[in-house]
Every structure is written in structure tokens, then in C-alpha cells.
Enquirer: 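Got a structure for you, questions after.
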Amino acid sequence: PTKIPSGLRLAGITKRESPYDCIIFREKTAFSRLKKGALIGTGSPRRKSQLLRLRPDLKIKNLRGNLDTRIKKLENGEFDAIIAAVAGIKRLGYKNLSLECLPPEIMLPAAGQGALGIEIRTKDKIAENFAKIITDLNTSRCVSSERVFLKEIEAGCRLPVAALAQIKNRRIFLETNVLSPDGKRVISLKKSAKASDFEYLGRVLAKEAIKKGAKQILKTNETKM
């Protein structure tokens, strides 16, 4: 959540694993070769909207539970494919899955995806010191930029909003999407700034997204949830 509960704070963020999503198939194939009307499992409005934006023929069915549960449902034939975070697949050590990593042009990730945030009690100095030791500066700046964007447009993980920041040559590049439930309306933005201006960049893109109608799109999403 973009709002941290009273008495707690985000003290650090570890080095990011892959931020991307992947599609896992029941039978070996590719995203471009998925049959018309294929049944895809995901509980994420962001993933659903981006899938429908490219392939309005796909059938999206709600899928909840941990990764083990989701993969078992796929193997049992309940879906033709499911969407998952690459980071989860890697961290849990899954092998021999028929999967394809989805590039950001197809599926822009959620803010903070692939990164582990360390939340501590506000006055816990010992925990704060440990958090500082294992914090990765570039990851922290990127995730903070993404989270500022999310906070400024007043969105959360239950709305179809995507954000990915990356640092290259001392500059931070932030790319964002705000989508309607059917994927037909999308506000896509991308800007860069000095790496040290990570929060400023998040705010600038949020203001631009709001000017282009992001809040109206998000209200449409809320009424359909």
C-alpha cells in the first residue's frame, strides 16, 4: 500500500529481482500463438486490462491463491495459461515450466514488483540499521519513484495501473500505464530525470496522467469492481 500504517515505516528495499511478468502455459506454446478465446487466469486488474488491450478475444478468469495453488489449477486443466511475476518463479525455484517472459511493451509491471520492502516500527533503530545495510540505492530510488506516482494519482494494487522505473547512466526513466477495465482506454507516459530526482519524476508523471484523465479512468474501474 502507498499509505503506511501509523507507527510503521518503509526503512529499506533490497536489490530487485526481475520486475517483469510471465505467462505460464498448460501446453507448450507462445503468447503470439495462443488460440482465440484462450482462458487465462489472473487476479490482477492490471494484468487483465493489459491482456485485453492486445487480445480482446481472450477470456480472463479470476485466479487467487499462492503460486503453488495457481500452478496446480493450471496443470489440472482449469486454464490454458496463467500470469505470474517472474520474481516469484525464480525465488521459489520452479523448473520445467512452459513459460514466456512478457516484455514491458506487452505487460508493464506493477509498482514495486520484484522488490522486497522492509517495513519496521518507526522508532526501532536496530531494525533501521539492518535495513540500511541490505538496501540497494538504485532499487530504492526506482521503487520510490513508482510508488510516488501511484500515491499521487490515488491508485493502489487493486486498480489497473502499471509503473516501472529504471536507472541508466545516472538517469532514471519512469514508464507508466493507467488503463480501463477492458484495456480500450490507456494513458501511457514515459519521462526521465536525474537519478537523484526520483520522487520529482513520479510526481511529474502523475500530474500529467491526471491532466490526461487518469482519475476518470480509475473511477470507472472502481464502479466496475
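FYI, the numbering just counts along the sequence from 1.
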Enquirer: Excluding sequence neighbours, so at least two apart, what forms side-chain hydrogen bond (donor to acceptor under 3.5 Å, both in side chains) with Arg185?
Expert: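 Partners of Arg185 by the side-chain hydrogen bond (donor to acceptor under 3.5 Å, both in side chains) criterion come out as none, since no residue qualifies.
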Enquirer: Between CG of Asp124 and OG1 of Thr122, what distance do you get to the nearest 0.5 Å?
Expert: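 Going from CG on Asp124 over to OG1 on Thr122, the span is 9.5 Å.
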Enquirer: Hey, does the side chain of Ser49 reach the backbone of Leu179 with a donor-acceptor pair shorter than 3.5 angstrom?
Expert: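 Not at all, since once roles are kept as given, no pair shorter than 3.5 Å links the two residues.
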Enquirer: Between Asp21 and Gln50, do the side chains contain a donor N or O and an acceptor N or O under 3.5 Å apart?
Expert: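 The answer is no; no qualifying pair exists.
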Enquirer: Should we say atom CZ of Arg91 is surrounded by more than 12 heavy atoms from elsewhere, each under 6.0 Å from it?
Expert: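 Yes, because the 6.0 Å sphere around CZ of Arg91 holds more than 12 heavy atoms from other groups.
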Enquirer: Who pairs with Asn66 by side-chain hydrogen bond (donor to acceptor under 3.5 Å, both in side chains), at least two apart in sequence or on another chain?
Expert: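 Only Thr69 meet the side-chain hydrogen bond (donor to acceptor under 3.5 Å, both in side chains) criterion with Asn66.
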Enquirer: With the side chain counted from C-beta on, respond yes when Leu39 and Glu78 share a heavy-atom pair under 4.5 Å apart, and no when they do not.
Expert: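 They are not in contact (no side-chain heavy atoms under 4.5 Å apart), so the answer is no.
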Enquirer: With heavy-atom distances below 4.5 Å as the criterion, would you say the side chains of Ile153 and Val178 are in contact?
Expert: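 Yes, close enough: below the 4.5 Å cut-off.
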Enquirer: I'd like to check the side chain to side chain contact (heavy atoms under 4.5 Å, CB included) partners of Val86; sequence neighbours left out, ordered by chain and number.
Expert: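 Only Ser18, Tyr20, Cys22, Lys90, Cys101 meet the side chain to side chain contact (heavy atoms under 4.5 Å, CB included) criterion with Val86.
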Enquirer: Taking side-chain hydrogen bond (donor to acceptor under 3.5 Å, both in side chains) as the definition, give me every residue that meets it alongside Asp80, ordered by chain and number, with sequence neighbours left out.
Expert: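 Expected list: Arg26.
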Enquirer: Would you sort out whether Thr14 and Thr135 count as a side chain to side chain contact (heavy atoms under 4.5 Å, CB included), showing the intermediate values?
Expert: CA-CA 5 Å; Thr14 62; Thr135 288; over 6 Å; no
Enquirer: For the residue pair Leu159 and Pro45, establish whether any side-chain heavy-atom pair is separated by less than 4.5 Å.
Expert: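 In short, these two side chains do not touch, never coming nearer than 4.5 Å.
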Enquirer: Just by distance, do the side chain of Thr139 and the backbone of Ile13 share a donor-acceptor pair under 3.5 Å?
Expert: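 No; zero donor-acceptor contacts below 3.5 Å.
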Enquirer: Got more than 12 heavy atoms from elsewhere within 6.0 Å of CZ, Phe130?
Expert: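 Open.
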Enquirer: Please output the side-chain donor-acceptor pairs of residues 186-213 that fall under 3.5 Å, not counting sequence neighbours, one pair per line with the distance.
Expert:
residue	atom	partner	partner atom	Å
Ser188	OG	Asn177	OD1	2.7
Ser192	OG	Arg171	NH2	3.2

Enquirer: Who are the side-chain hydrogen bond (donor to acceptor under 3.5 Å, both in side chains) partners of Asp57, not counting sequence neighbours?
Expert: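 side-chain hydrogen bond (donor to acceptor under 3.5 Å, both in side chains) list for Asp57, sorted by chain: Arg55.
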Enquirer: Could you tell me if Lys73 sits above the aromatic ring of Phe79, with its cationic atom closer than 6.0 Å to the ring centre and no more than 45 degrees from the axis?
Expert: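 The answer is no, since Lys73 fails at least one limit relative to Phe79.
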